[in-house]
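Computed from a predicted model, the values in this text were never measured in an experiment. Atom set for the values below is all heavy atoms of this structure, side chains included, hydrogens, waters and symmetry mates excluded.
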Amino acid sequence: MKHLSIFVLLLSLAVFFGPSIQAQSVRTALQWMELADRETDPQKAIGYYREVLKIQPDGLTAAEAYHGSSVVRSLPAVKAYREALEDVNQAIRRDEGPAKYYAQRAYIYIQLSEYERAARDYQQAINRAPSKADYYSGLSYCQTKHGRFDEAETTAQKGIDLNANSPYAYRNRGRARLRKGQVDVAIADFQTSLKLKHGQLFRVYCDLGEAYEQKGESQQALKYYQQSLDIDPDFPDALVGKAQLEQKLKIGGKTGALPASNFNGRRMALVVGNSDYKNVNSLEGQPRNDAKAMQKRLTDLGFETMLVTDVTREGIDKTLLEFYKKASKADVALVFYAGHGVQHRGENYLLPVDAQLKNPEDMDLQAISVTNLIDAIQKQEPRYCIIIIDACRDDPFSKPPGTTAPARKDSTRSVRLSGVAGEQPRPVSQGGLSRGFKRIHVENSINNCYVALATAPGSTARNGPKENGYYTAALLAHLRRGRRIGDVFQDVRSEVIAQTQKNGFSQQPEYIDRTVEPLVL
């Protein structure tokens with residue numbers, strides 16, 4: 001009898017509380033969305049957004065859930081950028097209207113070092129929300145990364161006009177002005193950004209360090225680099241800027257050079273040689289020879305190497321993704337490229353063999369941005385990265401119709417259009433591309449990054465008289481175990497100048513040393 005009474009009581013409670021229990025266990029899509037938006041644990045939030053999508057996989061609510069999931073996946077604590085990109089693409093497929101979707105995708109592209117794609121999305125966001133000052137600031141950042149400094153300054157100014165209290169627009173205008181050599185007005189912009197409480201003051205102090213260094217005021221530069229490091233002791237750009245400036249000041253006789261490190265852990269190398277181009281002039285096999293010889297040399301130096309030759313855009317994209325995974329946290333990550341290279345609107349590009357150069361505006365879809373490549377490798381966080389480019393440095397779009405490249409084996413590694421889909425080669429209008437690479441500016445996200453180039457900005461590199469180009473031949477002569485990498489590139493530069501002058505012209509390699517620690521091979 002007692003057991004029967006307990007059963008009746010439980011049955012009564014179930015009848016009374018049943019509806020509320022059911023309401024808690026079966027939530028609506030909007031209730032899951034509210035939970036996700038409030039959740040501070042990223043994985044739980046993503047799970048809640050997935051519950052929304054189980055209930056409502058399409059429509060505006062689904063678009064918002066995908067957008068929310070994308071934002072969470074791209075948080076600094078998560079950094080699942082590829083998954084975040086897929087999420088925001090799903091949001092845009094369901095609703096093409098909201099500006100914030102394009103701004104979110106632009107942010108992801110920046111994290112993936114794809115600045116031209118980011119710029120296009122910021123422009124889409126501006127088209128939908130032209131009064132949003134932050135979008136102009138983001139676009140200005142991308143334009144500066146790709147060397148379009150005048151555009152970047154104008155875009156940042158629009159952001160300032162919309163919101164004169166935005167610290168980010170002032171910083172981005174200052175960055176553009178600094179790259180143009182307008183140091184004093186750049187400093188004024190950085191100081192304004194500080195006063196307006198920029199969210200990452202260590203970056204602005206580092207900008208001021210670079211500006212005063214460019215101005216020749218070394219002590220002021222050191223002070224600002226140190227202020228940056230006082231806030232973030234591990235900020236690579238400030239670490240490198242301060243260390244290198246101190247080394248320059250020691251030339252007067254204070255102390256010796258830093259001790260070198262062997263970096264004898266995992267060494268990864270990607271070696272690319274493109275010779276047989278489909279739509280521009282062939283390079284007669286020399287870049288392919290260069291790549292094969294470099295692969296052998298790097299293997300002898302302890303590198304695990306990936307070799308690709310005559311690779312298409314699709315092929316190089318897949319190869320780079322594989323290489324980035326392998327290069328993650330490596331001691332040394334190295335990329336060697338031999339083949340055609342061009343400059344377009346302030347940015348430098350490496351050409352896959354299937355590049356169809358009908359429209360210069362599609363260059364980022366046809367070719368590999370050098371800036372993107374440098375930044376993407378650094379984001380894999382190797383201890384040391386090296387990028388070596390033996391490229392032609394010539395602009396296919398600036399060649400007049402009917403121009404052909406000489407067939408000599410020691411000819412310039414320059415590009416001529418052979419006609420695409422029956423079309424004749426076209427010259428580019430004023431303001432288009434120009435001869436040779438533009439000067440490269442390296443921003444550090446790791447402590448050691450070295451970029452070596454076959455020739456100076458505005459000049460072309462040459463095929464050599466034998467199996468290899470002049471630059472790669474010199475590299476093979478000097479790239480030896482036990483040597484400091486800086487000494488290697490100095491010797492390579494001297495040898496290329498000497499060898500090319502013997503043959504009636506001058507090719508002057510250059511290198512960009514943005515490192516704290518010397519590397520011994």
Side-chain angles (χ1 to χ4, degrees), residues 81-82 85-86 89 105 108-110 112-121 142 145-147 269-283 285-288 290-291 295 306-327 335-377 379-380 387-397 413-423 425-426 428 432-433 437:
Y81 297 122
R82 294 290 172 184
L85 180 61
E86 178 55 33
N89 282 336
R105 190 165 68 179
I108 296 167
Y109 277 136
I110 287 174
L112 294 172
S113 303
E114 297 185 25
Y115 302 109
E116 190 61 42
R117 285 179 167 89
R120 291 183 181 186
D121 273 336
C142 297
K145 289 295 290 186
H146 270 189
L270 171 62
V271 181
V272 182
N274 285 344
S275 294
D276 293 336
Y277 284 86
K278 295 177 173 60
N279 303 303
V280 296
N281 54 306
S282 170
L283 289 172
Q286 278 209 349
R288 191 165 53 241
D290 294 343
Q295 182 203 25
M306 297 171 58
L307 172 67
V308 290
T309 58
D310 296 329
V311 66
T312 63
R313 176 60 200 257
E314 181 181 1
I316 195 62
D317 283 346
K318 290 180 179 178
T319 300
L320 283 171
L321 286 175
E322 181 182 354
F323 175 70
Y324 293 152
K325 291 178 183 177
K326 291 185 175 183
V335 171
F336 172 85
Y337 172 86
H340 277 314
V342 298
Q343 179 200 148
H344 172 48
R345 294 178 67 197
E347 178 55 289
N348 306 307
Y349 293 90
L350 310 177
L351 296 188
V353 294
D354 61 343
Q356 296 190 38
L357 304 179
K358 288 182 181 180
N359 185 358
E361 299 307 312
D362 292 332
M363 182 63 76
D364 65 301
L365 303 177
Q366 296 288 326
I368 303 299
S369 156
V370 172
T371 298
N372 293 9
L373 178 66
I374 294 169
D375 286 2
I377 294 171
K379 285 175 181 174
Q380 309 317 308
I387 297 94
I388 305 171
I389 301 175
D390 189 354
C392 66
R393 311 267 186 120
D394 206 6
D395 166 26
F397 296 104
R413 292 191 173 187
S414 60
V415 181
R416 60 155 164 53
L417 289 176
S418 59
V420 181
E423 294 183 5
R426 299 175 295 149
V428 79
L433 303 184
F437 270 11

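- Judged purely by atom type and a 3.5 angstrom limit, Ser282 has no side-chain atom pairing as donor or acceptor with the backbone of Asp276.
- With Asn372 contributing its side chain and Ser113 its backbone, the two residues share a donor-acceptor pair below 3.5 Å.
- Of the possible donor and acceptor atoms, one in the side chain of Tyr277 sits under 3.5 Å from a partner among the backbone N and O of His340.
- Judged by distance alone, with hydrogens and angles left aside, the side-chain atoms of Asp364 form no donor-acceptor pair with the main-chain N or O of Glu116 at under 3.5 Å.
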>> Is there a side chain to side chain donor-acceptor pair (under 3.5 Å) between Tyr115 and Asp375? Walk through the geometry before answering.
In response: CA-CA 10 Å; Tyr115 302 109; Asp375 286 2; 2.5 Å; yes
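- Side chain of Asn274 to backbone of Val311: a donor-acceptor contact under 3.5 angstrom is found.
- Counting only heavy atoms from C-beta outward, the side chains of Thr371 and Asn348 never approach each other to under 4.5 Å.
- The nearest pair of heavy atoms linking Phe437 to Gly341 is CE1-C, 3.8 Å.
- Contact check for Val335 versus Ile374: no side-chain heavy atoms found under the 4.5 Å cut-off.
- Scanning both residues, Tyr349 and Ala367, for their nearest heavy atoms gives CB-CB, 3.7 Å.
- Here the closest heavy-atom approach between residue Tyr81 and residue Ile108 is recorded as O-CG2, 3.6 Å.
- Under the 3.5 Å distance criterion, the side-chain polar atoms of Asp354 are matched with a main-chain donor or acceptor of Arg313.
- Judged by distance alone, with hydrogens and angles left aside, the side-chain atoms of Glu347 form no donor-acceptor pair with the main-chain N or O of Gln343 at under 3.5 Å.
- The shortest side-chain heavy-atom distance between Tyr324 and Ile377 falls under the 4.5 Å cut-off.
- No side-chain donor-acceptor contact under 3.5 Å links Tyr109 to the backbone of Arg120.
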